[in-house]
Amino acid sequence: MNEFRPPTTFEQKVYDALHLIPKGKVTTYRALGEYISCRSAQAIGQALRRNPMASGAPCHRVVKTDRTIGGFSGQSDGEPVMRKKRLLESEGISFQEDGTIPEEQCYFFDD
DNA sequence: AGATTGACTAACC
DNA sequence: AGGTTAGCCAATC
């Protein structure tokens with residue numbers, strides 16, 4: 001059975017930042033990383049993937065820096081990513097024909 | 001303690 | 001346009 005590992009300080013920061021994202025917006029791995037003073041977007045991705053929904057964080061609101069969908073639920077493509085996309089659309093996020101999200105819908109922790 | 005992994009990114013070829 | 005390399009950094013092996 002799943003053994004829960006207490007979240008690390010780093011992960012706490014990631015989750016906290018996620019909660020700051022307004023509904024109807026997304027952020028990027030990098031913007032999130034800058035917010036918590038981490039220059040590795042990869043480490044952000046790791047924090048998210050290592051954490052199941054136990055954190056209660058809206059982990060679907062994080063996309064890649066090029067504003068494409070990015071991964072979800074441990075996968076970079078496939079069904080989980082489809083779910084992520086649907087989830088974002090249901091929250092008001094729109095996707096352009098090239099698969100990117102308009103910059104106006106991105107939240108970069110400007111405030 | 002060192003090597004590997006990875007929901008990343010940018011630069012290079 | 002698509003593959004490889006390099007940089008990044010926390011968690012895991």
Side-chain angles (χ1 to χ4, degrees):
Chain A
M1 203 26 200
N2 288 334
E3 301 193 26
F4 293 97
R5 185 233 332 131
T8 64
T9 304
F10 179 75
E11 287 162 349
Q12 287 280 344
K13 287 188 196 171
V14 173
Y15 308 143
D16 183 56
L18 289 183
H19 289 298
L20 300 178
I21 307 169
K23 183 175 184 240
K25 297 220 171 193
V26 296
T27 194
T28 65
Y29 294 102
R30 189 204 286 192
L32 219 166
E34 289 184 8
Y35 179 69
I36 64 175
S37 301
C38 172
R39 287 170 302 133
S40 176
Q42 191 140 45
I44 303 297
Q46 285 295 39
L48 297 180
R49 100 169 290 279
R50 301 265 180 212
N51 278 283
M53 41 232 147
S55 62
C59 44
H60 56 276
R61 293 186 189 160
V62 188
V63 299
K64 303 210 303 185
T65 296
D66 63 2
R67 301 201 307 282
T68 52
I69 183 81
F72 194 58
S73 191
Q75 298 184 202
S76 307
D77 46 55
E79 298 268 344
V81 176
M82 291 293 167
R83 276 194 281 109
K84 177 176 177 179
K85 183 174 178 185
R86 249 183 283 127
L87 199 44
L88 289 174
E89 285 174 333
S90 75
E91 291 190 350
I93 301 297
S94 62
F95 289 82
Q96 299 172 122
E97 293 181 29
D98 62 355
T100 66
I101 293 168
E103 190 176 328
E104 306 81 56
Q105 298 182 9
C106 294
Y107 178 65
F108 292 106
F109 299 93
D110 290 317
D111 51 17

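Throughout, protein chains are lettered first and strands after them, A, B, ... in sequence-line order, and every chain is numbered starting at 1.
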Subject >> Residues forming a side chain to side chain donor-acceptor pair (under 3.5 Å) with A/Asp16, sequence neighbours excluded >> reply: none
Subject >> Interatomic distance where CZ belongs to A/Arg67 and C1' belongs to B/dC8 [whole Å] >> reply: 16 Å
Subject >> pair A/Leu48-A/Leu18: side-chain heavy atoms closer than 4.5 Å >> reply: yes
Subject >> Neighbours of DNA chain C within residues 34-49 of chain A, by heavy-atom distance under 4.0 Å >> reply: A/Cys38, A/Arg39, A/Ser40, A/Gln42, A/Ala43
**OP:** Report the distance from atom CG of A/Asp66 to atom C1' of B/dC8, rounded to the nearest whole Å.
**Re:** 10 Å
Subject >> Which residues share a side chain to side chain contact (heavy atoms under 4.5 Å, CB included) with A/Arg86, sequence neighbours left out >> reply: A/Met82, A/Arg83, A/Glu89
**OP:** For C/dT5 and B/dT4, measure between their P atoms and round to the nearest Å.
**Re:** 16 Å
**OP:** Give one of base, sugar-phosphate or nothing for A/Phe10, where a contact means two heavy atoms less than 4.0 Å apart.
**Re:** sugar-phosphate
Original post:
Rounded to whole angstrom units, what separation is found between the OH atom of A/Tyr29 and the P atom of C/dC9?
Top reply: 18 Å
**OP:** With DNA chain B as reference, determine whether A/Arg50 or A/Lys64 sits nearer its 5' end, using the nearest nucleotide of each.
**Re:** A/Arg50
Subject >> Whole-Å gap separating P (B/dT9) and CG (A/Leu32) >> reply: 11 Å
Original post:
What integer distance in Å separates A/Glu11:CD from B/dG6:C1'?
Top reply: 14 Å
Subject >> Residues forming a ring pair (Phe, Tyr, Trp, His ring centres under 6.0 Å) with A/Phe108, sequence neighbours excluded >> reply: none
Original post:
Is there side-chain contact between A/His60 and A/Leu88, with heavy atoms separated by less than 4.5 Å?
Top reply: yes
Original post:
Between A/Gln12 and A/Pro7, what is the shortest heavy-atom contact and its length?
Top reply: NE2-CG, 3.3 Å
**OP:** Anything under 30° is parallel, anything over 60° is perpendicular, the rest tilted; go ahead and classify A/Tyr35 against A/Phe109.
**Re:** parallel
**OP:** Mind listing the residues from residues 70-92 of chain A sitting with a heavy atom below 4.0 Å of DNA chain B? Number order is fine.
**Re:** A/Gly71, A/Phe72, A/Gly74, A/Gln75, A/Ser76
Original post:
For A/Thr100, which residues count as a side chain to side chain donor-acceptor pair (under 3.5 Å) partner, sequence neighbours excluded?
Top reply: A/Gln96, A/Asp98
Original post:
Do A/Thr27 side-chain atoms and A/Val62 backbone N/O form a donor-acceptor pair below 3.5 Å?
Top reply: no
Original post:
How close or far is atom P of B/dA7 from atom CG of A/Leu18, stated in whole angstroms?
Top reply: 16 Å
